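Presented below is the structure to which this report refers.
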Amino acid sequence: MSRYDASEIEAKWQAIWENRGCFHAEVDRSRPKYYVLEMFPYPSGKIHMGHVRNYTQGDVVARYKRARGFNVLHPMGWDAFGMPAENAAIERGVHPARWTYDNIANMRRQLQRMGFSYDWRREIATCHPEYYRHEQAMFLDFLDAGLVDRRESWVNWDPVDNTVLANEQVIDGRGWRSGATVERRKLTQWFLRITAVADELLAELERLTRWPERVRLMQENWIGRSEGALVRFALEGRADRLEVFTTRHDTLFGASFCALAIDHPLVQELARGDTRLAAFVEDCRRIGTTEAAIETAEKLGFDTGLRARHPFDGRSLPVYAANFVLMEYGAGAIFGCPAHDQRDLDFARKYGLPVIPVVAPEGAPAPAIGTEALTGDGRLINSDFLNGLTVAEAKRAMAERLEAIGAGERKITYRLRDWGVSRQRYWGCPIPVIHCADCGVMPVPRADLPVRLPDDVTFDQPGNPLDRHPTWKHVACPRCARSARRETDTFDTFVESSWYFARFCAARYDQPVDRAAADYWLPVDQYLGGIEHAILHLLYSRFYTRAMAKTGHLGALAEPFAGLFTQGMVLHETYVDAAGALLFPEQVARRADGQLVHASTGAPVRAGAVEKMSKSKRNVIDPEDIIKAHGADTARLFMLSDSPPERDLEWTTAGVDGARRFLHRLWRLVDEAPTFADGADTAGDAGALALRRATHRAIKAFTDDLDGFHFNKAIARLHELMNAMAEVDEGGTAAHAAYREALETLVRLVGPIAPHLAEELWQRLGHDRLLAMTPWPAADASLVFQTDVTIAVQVNGRLRATLTLPKGMARAEAERAALADEAVKRAIADQTVRRVIVVPDRIVNVVV
RNA sequence: GCCCCCUUGGCGGAAUUGGCAGACGCAGCGGACUUAAAAUCCGCUUCCCGCGAGGGAGUGCAGGUUCGAGCCCUGCAGGGGGCACCA
């Protein structure tokens, strides 16, 4: 009996696959293509279990599709720009490039150790000038095509570190590193005009049928299309008019105030001459920039003293500056109708403003408004020419009247804002423009691309190293040759990940994209990644695909990702000692009686909540340790067992042991299998026929499960087949051929999941051809088809008997068989049968 | 605050999408093998009553629709996620 040594056979087959170039992809128009892509990782240093899960799923798809005859493209690369590299530079003094490339080398080794079937010739790292030079070239094309804008925008500013902070770096209004109170500052920044295609991005969502419904919904909400109207109010004592956006113009007669965002130009103007208003504006800034913070904060307003005149009834309305109005949305100003909007009502009650109901529920009198606004449908009241109309009718009538008198017009707005891509950081792709005092903003001449990041930078001072570099930013203006200044902002790292899938089609091509290759490979047939990218990354990539098509880098491609799968997180127990301190799993041991104790001190340990693996919770399991202890195949199998892939998976040692046990059992089955000739006649042997049926049902079910992404169910089919094999007498000669067929089927089906072991066993079963190159097994329909079915018989919905009947039996016959059953007769007793429902091959329900 | 998702045995989950609830695995219990243990193999395993045949209850809670509901509808409870400079 031979021993299953995972690390030995895994190394062996990885070398063979590599030497034979099994996973190299080439354009081949004679075969159907299949592009499977997992979201490429940020090179943080080590792969984590989330990667292992995501990439195992992708690899199963890639290997399965290959076996199904597809020409599969399955590439891997590195999303290599970003803040962690700069943090490492600041904290440990290591250069971001060095840190990043070292991390890539280690993570590449780890991924290769997992046996993923990537075409490594196509590997890309986005921080490499050979990648980002194309990004710069495309940006210039976007600039020419009018897809780029430059304007002022707010940022979080840390006055001590002299740096812009990401939202996640702002903790309770303070900078995460300095602890200084964060300010908001206005900077001139670059924007990609994603709002120009908002309508299309929204409309096309409907056709992404192979995307999860909830991702489409999240994008829909993010784009946030709303149909409404602009209303212009005259301002008393001023020549300019106040423009507000509303989706409830039907309630205009219920208006009792107007409210402006604190960033509204009118508020800014008034604040210059009003220190109390200026102080209010500053207070509001401290709430933060996120929608959640603004929405949950107490609604506060400041009466500006301005008065707006109602366009129809001429009432004079107070104008407030308010903390819940967003400058980025609509017109940055609203009118408040307290009776029919909860926020407006809260505000009106707080500041003693009138509450005028203008919509009454159908058939009801004018409602009394207490603390709850009335947001439902109804008919208009107290509203002049709108009285008696429904809400929808009133909107239409009001829009027409506003347009007729020039006090407003219909308007569609989006919650979606343009994509700000400027980042005041070093470790990103330099934005290829030059600022000249005379000529303005000049694109870097294409011949001068790439604009490379300088290597000689320091992180010993706060701020952007590019900005304080002694020479880098000083260049001659490309037009007038006078001294000018290089743009020192770099791109948001979402820019790199918005087109990498296109670059993979021809990763070394001297243009950003090889149109011929991209036309063949794109769209990505199956994209796999985390739900955390449901909105930004995917939306930006969809926008980029359109922008690239507009600038000729891609053909008329509707969408980059035809199919999307979002996998769940990997969770693990947390461990807490008596003092309440968190412990790492390797510090915890389980005693024979099941009690958790500290591995070295023996002190009792309590198991805490099961949470997403993270360093801060100390509940991480290093994939490398698992591979060393059990092998890559065990890790892969465990990742797919039990939990459905879209749901969270709890990492447990028991589960890993179970996966390993299964592989050992499979090994033993092959190792101990009797030697026998192929094709022995199995006719007439009932056990052999039953096994053959089980085998072909397993092929059918397993294949369907893979197609449906039900990996956990697919693995259950393997167990079932193995159990069926155990039931036949493998010593009986008549069963030999059927037994061998079952065994070979097991090995072939497990191939995409545990590829090394499967390849080894395939060879031991006497095959010369690599399993990786062997077509997928086909199920024999005549063996899958069942001649008899077990149907349930219910009386009044309660199960009383089960009958085995020929498949496809007529309703009347099934009914007769059911009524003839003793247990059914007993249940009916002396009651009258009123009705019998027969669902063929399923169920008979007798109603008495 | 707004939007979304989830809730099935001791545990992870399955249920052909309205038709036998609990496939498969884990854990547990019993047995075989062994001097013994590990490993392996066989059997049992939703809960309650019953020696048994059998009967009853059961998919977070409360209702509803239906011949029939884990699945559809209404309300509620609990858990989780997203909300624009992390990637």
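What you see below is based on every heavy atom in this structure, not just the backbone, and it leaves out hydrogens, waters and symmetry mates. Below, chains carry the letters A, B, ... as their sequence lines are ordered, and counting in each starts from 1. All figures in this text were calculated on a predicted structure; none of them were measured in a lab.
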Below the 4.0 Å mark, does [N] have OP1 or OP2 next to a side-chain nitrogen or oxygen of [X]?
{"X": "R425(A)", "N": "A87(B)", "result": "no"}
{"X": "N87(A)", "N": "C86(B)", "result": "no"}
{"X": "R697(A)", "N": "U16(B)", "result": "no"}
{"X": "T802(A)", "N": "C20(B)", "result": "no"}
{"X": "R665(A)", "N": "C41(B)", "result": "yes"}
{"X": "R415(A)", "N": "C3(B)", "result": "no"}
{"X": "R216(A)", "N": "C3(B)", "result": "no"}
{"X": "R668(A)", "N": "C41(B)", "result": "yes"}
{"X": "R417(A)", "N": "A84(B)", "result": "no"}
{"X": "K612(A)", "N": "G81(B)", "result": "no"}

So what does [X] touch, heavy atoms closer than 4.0 Å: a base, only the sugar-phosphate, or nothing?
{"X": "R800(A)", "value": "sugar-phosphate"}
{"X": "T790(A)", "value": "base"}
{"X": "R343(A)", "value": "nothing"}
{"X": "E213(A)", "value": "nothing"}
{"X": "I837(A)", "value": "base"}
{"X": "G82(A)", "value": "sugar-phosphate"}
{"X": "Q424(A)", "value": "base"}
{"X": "E720(A)", "value": "sugar-phosphate"}
{"X": "P644(A)", "value": "sugar-phosphate"}
{"X": "H537(A)", "value": "nothing"}
{"X": "N796(A)", "value": "nothing"}

Where the side chain of [X] is defined as all heavy atoms beyond and including C-beta, which of [options] is the nearest nucleotide?
{"X": "L217(A)", "options": "A87(B), A21(B), C4(B)", "result": "C4(B)"}
{"X": "M83(A)", "options": "C85(B), A87(B), G19(B)", "result": "A87(B)"}
{"X": "L536(A)", "options": "C4(B), G19(B), A87(B)", "result": "A87(B)"}
{"X": "D79(A)", "options": "A87(B), G82(B), G25(B)", "result": "A87(B)"}
{"X": "R647(A)", "options": "A87(B), G13(B), C20(B)", "result": "G13(B)"}
{"X": "I843(A)", "options": "G19(B), A14(B), G56(B)", "result": "G19(B)"}
{"X": "V847(A)", "options": "A84(B), C67(B), U40(B)", "result": "C67(B)"}
{"X": "I535(A)", "options": "G12(B), A84(B), G82(B)", "result": "G82(B)"}
{"X": "R842(A)", "options": "C41(B), U16(B), A14(B)", "result": "U16(B)"}
{"X": "A716(A)", "options": "C24(B), C26(B), C20(B)", "result": "C24(B)"}

Are the ring centres of [X] and [Y] closer than 6.0 Å?
{"X": "F81(A)", "Y": "Y132(A)", "result": "yes"}
{"X": "W78(A)", "Y": "F40(A)", "result": "no"}
{"X": "W499(A)", "Y": "Y131(A)", "result": "yes"}

Specify the separation, in whole Å, of atom [atom1] of [X] and atom [atom2] of [N].
{"X": "E220(A)", "N": "C2(B)", "atom1": "CD", "atom2": "C1'", "result": "15 Å"}
{"X": "R835(A)", "N": "G68(B)", "atom1": "CZ", "atom2": "C1'", "result": "10 Å"}
{"X": "W419(A)", "N": "A87(B)", "atom1": "CH2", "atom2": "P", "result": "12 Å"}
{"X": "D704(A)", "N": "U17(B)", "atom1": "CG", "atom2": "C1'", "result": "15 Å"}
{"X": "N221(A)", "N": "G1(B)", "atom1": "CG", "atom2": "P", "result": "18 Å"}
{"X": "F662(A)", "N": "A39(B)", "atom1": "CZ", "atom2": "C1'", "result": "18 Å"}
{"X": "H533(A)", "N": "A87(B)", "atom1": "NE2", "atom2": "P", "result": "10 Å"}
{"X": "L721(A)", "N": "G25(B)", "atom1": "CG", "atom2": "C1'", "result": "16 Å"}

According to the Watson-Crick and G-U wobble definitions, with both distances under 3.5 Å, which nucleotide is paired to [N]?
{"N": "C29(B)", "result": "G43(B)"}
{"N": "U74(B)", "result": "A62(B)"}
{"N": "C24(B)", "result": "G12(B)"}
{"N": "C2(B)", "result": "G82(B)"}

Quiz item: Can you say whether the rings of F709(A) and F565(A) are parallel (under 30°), tilted (30 to 60°) or perpendicular (over 60°)?
Solution: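 F709(A) vs F565(A) ring planes: parallel.
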Exercise. Dump the intermediate steps for side-chain hydrogen bond (donor to acceptor under 3.5 Å, both in side chains) on E573(A) and W651(A), then the final yes or no.
Key: CA-CA 8 Å; E573(A) 272 184 328; W651(A) 181 276; over 6 Å; no
With rounding to whole Å, what would you report as the distance between [N] and [M] at their [atom1] atoms?
{"N": "G13(B)", "M": "C24(B)", "atom1": "C1'", "value": "9 Å"}
{"N": "C11(B)", "M": "U17(B)", "atom1": "C1'", "value": "26 Å"}
{"N": "G64(B)", "M": "G28(B)", "atom1": "C1'", "value": "40 Å"}

Quiz item: With a 4.5 Å heavy-atom cut-off, do Q189(A) and Q424(A) have their side chains touching?
Solution: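 They are in side-chain contact.
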Quiz prompt | Min side-chain heavy-atom separation L192(A)-D418(A) under 4.5 Å | solution =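 Answer no - side chains too far apart.
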Quiz item: Salt bridge or not for D346(A) and K299(A), using N-O below 4.0 Å?
Solution: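 No.
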Quiz prompt | Salt-bridge criterion met for R697(A) and E720(A) (N-O under 4.0 Å) | solution =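 Not counted as a salt bridge, because no side-chain N and carboxylate O are separated by less than 4.0 Å.
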Quiz item: So, does D705(A) use its side chain to make a donor-acceptor pair with the main chain of H710(A) at under 3.5 Å?
Solution: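 A pair under 3.5 Å: no.
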Quiz prompt | First of P84(A) and I531(A) reached from the 5' end of RNA chain B, by closest nucleotide | solution =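 So the residue in question is I531(A).
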Practice problem: Identify, between N723(A) and V846(A), the residue whose nearest nucleotide on RNA chain B lies closer to the 5' end. | Solution: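 Whichever sits nearer the 5' end wins; that is N723(A).
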Self-check item: Conformer about C1'-N of U17(B) - syn within 90° of 0, anti elsewhere
Solution: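 Chi for U17(B) falls in the syn range.
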Self-check item: Anti/syn call for G9(B), syn if |chi| within 90°
Solution: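 G9(B): syn.
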